[in-house]
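This report refers to the structure that appears directly beneath it.
Read the numbers this way: they start at 1 and go in the same order the structure lists the ligands and their atoms. Just so you know, these numbers come straight off a predicted model, no measurement behind them. Each residue takes its place number in the sequence, starting with 1. What you see below is based on every heavy atom in this structure, not just the backbone, and it leaves out hydrogens, waters and symmetry mates.
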Amino acid sequence: MSDIELLKNGIRNIPDFPEPGIQFKDITPVLSDPNLFRLAIDLIIAPYQPGDVDQIVGIDARGFIFGAAAAMRLDAGFTPVRKKGKLPFDTYEESYDLEYGSNTVAIHTDAIHPGSKVLLVDDLLATGGTAAAAVTLLSKLDAKLLEAVFLIELDFLKGREKLKSTSVRSILSY
Ligand code: AMP
């Protein structure tokens, strides 16, 4: 079996979670299997060597898991993009629309030095609203965004179209 097939076998589909009509991609079976977890991180960091990336920015909450593990492997720092109201210091905030209502994400104003080479990491790219808001936050900090990388991309939701000026890479697509 190829690496991609192995990983895909580790993703569990949960129908109608958290609401009817949503097929939730559950990545916990990948995390609990050391070989699959390592494989996922290997593929996320594949284009890079230690020294290529200054900061990995992970998106709340599953982006923290993959992002932090990737940061360790690349000798990079880790910065969280969190849901509004969770970060204790001064923040920049960015809101984006959901099907019903809106969400706001935040980053510490001093999280990243201007010009730092940054990799944005999350578990899944769906409509792209979350990642696009994170990209806006990174531009406020004058980060040099190398790439946004996702373990999973739901192609049919066309999230890439919200990330036009960003290089986007996904490991698994559906
Ligand atoms: P979006 O802003 O629509 O691209 O949604 C991306 C965020 O929502 C990511 O942080 C994902 O973890 C989560 N998400 C959206 N859709 C799903 C799904 N079908 N399965 C698992 N997580 C999802």
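Side chains of Thr91 and Ile107 form no contact here, defined as non-hydrogen atoms less than 4.5 Å apart.
Of all non-hydrogen atoms in Leu141 and Thr109, the two that sit nearest each other are CD2-O, 3.0 Å.
Ion pairing between a basic and an acidic side chain is recognised when a charged N comes within 4.0 Å of a carboxylate O; Asp155 and Arg160 show no such pairing.
With sequence neighbours excluded, the residues forming a salt bridge (charged side-chain N to carboxylate O under 4.0 Å, His left out) with Arg169 are Glu147, listed by chain and number.
Using a heavy-atom distance under 4.0 Å as the criterion, the protein contacts of ligand 1 are Gln23, Phe24, Lys25, Arg62, Asp122, Asp123, Leu124, Ala126, Thr127, Gly128, Gly129, Thr130, Leu154.
Relative to the ring axis of Tyr174, Lys8 places its NZ or CZ within 45° and under 6.0 Å from the centre.
Around NZ of Lys158, the count of heavy atoms belonging to other residues, nucleotides or ligands within 6.0 Å does not exceed 12.
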